[in-house]
Amino acid sequence: MVWAQMLATQFAMEMANGGLSMDGKDYAGTQEFAGDFRNGFIDFGWDKQSDAWKDRKRAIELNNGRAAMMGIFGLMTHELMGNVATILPLAK
C-alpha cells in the first residue's frame, strides 16, 4: 500500500509540474527550471538573487531530498527486517 501512495504522490506532482512532459516544463512555459512550482502569488525574492546563489540553493535542496529518501529507505528496510521498534521505540 505504501508503494501505491508513493506512486500516486509522484504522479500528482508530475501532473502539477507539466503533465508528464519530457522536458519538465509547465504548460504556460513560466518555469525557470524543471520543478519550479512558483505561481506568482508569494514572492520570496528568488528573482532578485544571483544565478550562483540560485544554483547553490537548488543543490542544497537536492541534497536534502536525497537525505530524506535515504531515511525513508532505511525505515522501509528495517520494517522488512522486523526491527523498527529497535530504532523507533514508539513504533510498537
Side-chain angles (χ1 to χ4, degrees):
M1 187 63 183
V2 173
W3 294 104
Q5 291 171 344
M6 288 173 42
L7 289 175
T9 301
Q10 180 182 2
F11 179 76
M13 292 187 72
E14 289 293 333
M15 291 304 291
N17 190 25
L20 298 174
S21 63
M22 294 302 291
D23 60 354
K25 298 290 184 181
D26 62 348
Y27 291 120
T30 58
Q31 289 180 326
E32 185 178 334
F33 53 89
D36 184 5
F37 290 111
R38 291 179 292 159
N39 60 3
F41 181 67
I42 298 174
D43 182 20
F44 292 111
W46 181 264
D47 294 329
K48 299 173 189 169
Q49 303 297 332
S50 68
D51 287 338
W53 183 88
K54 292 178 186 179
D55 290 341
R56 182 174 173 271
K57 291 295 183 177
R58 277 190 227 134
I60 289 170
E61 187 63 26
L62 279 173
N63 286 334
N64 288 341
R66 291 173 182 146
M69 287 187 282
M70 292 304 295
I72 294 296
F73 178 71
L75 284 174
M76 289 189 306
T77 302
H78 282 281
E79 182 178 358
L80 290 174
M81 292 170 56
N83 62 353
V84 174
T86 306
I87 60 173
L88 294 174
L90 298 177
K92 292 182 181 179

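One-based numbering along the sequence shown. Predicted, not measured: the structure shown is a model, and the values here were computed from it.
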| request: Considering non-hydrogen atoms only, spot the tightest contact between Trp46 and Lys57 and give its length. | output: CZ3-CB, 4.1 Å

| Which pair of heavy atoms, one from Asn83 and one from His78, lies closest together, and at what distance? | OD1-ND1, 2.9 Å

| request: Answer with yes or no whether the hydrophobic clustering places Leu62 together with Met69; edges join I, L, V, M, F, W, Y residues whose side-chain heavy atoms lie under 4.5 Å apart. | output: no

| said: For the CG atom of Asp55 and the CD atom of Gln49, what is their distance to the nearest 0.5 Å? | reply: 12.5 Å

| query | Roughly how far, to the nearest 0.5 Å, is CG of Leu75 from CE of Met70? | reply | 11.5 Å

Taking C-beta and beyond as the side chain, do [X] and [Y] meet within less than 4.5 Å on heavy atoms?
X	Y	value
Trp3	Met76	yes
Asp51	Lys54	yes
Ile60	Arg56	yes

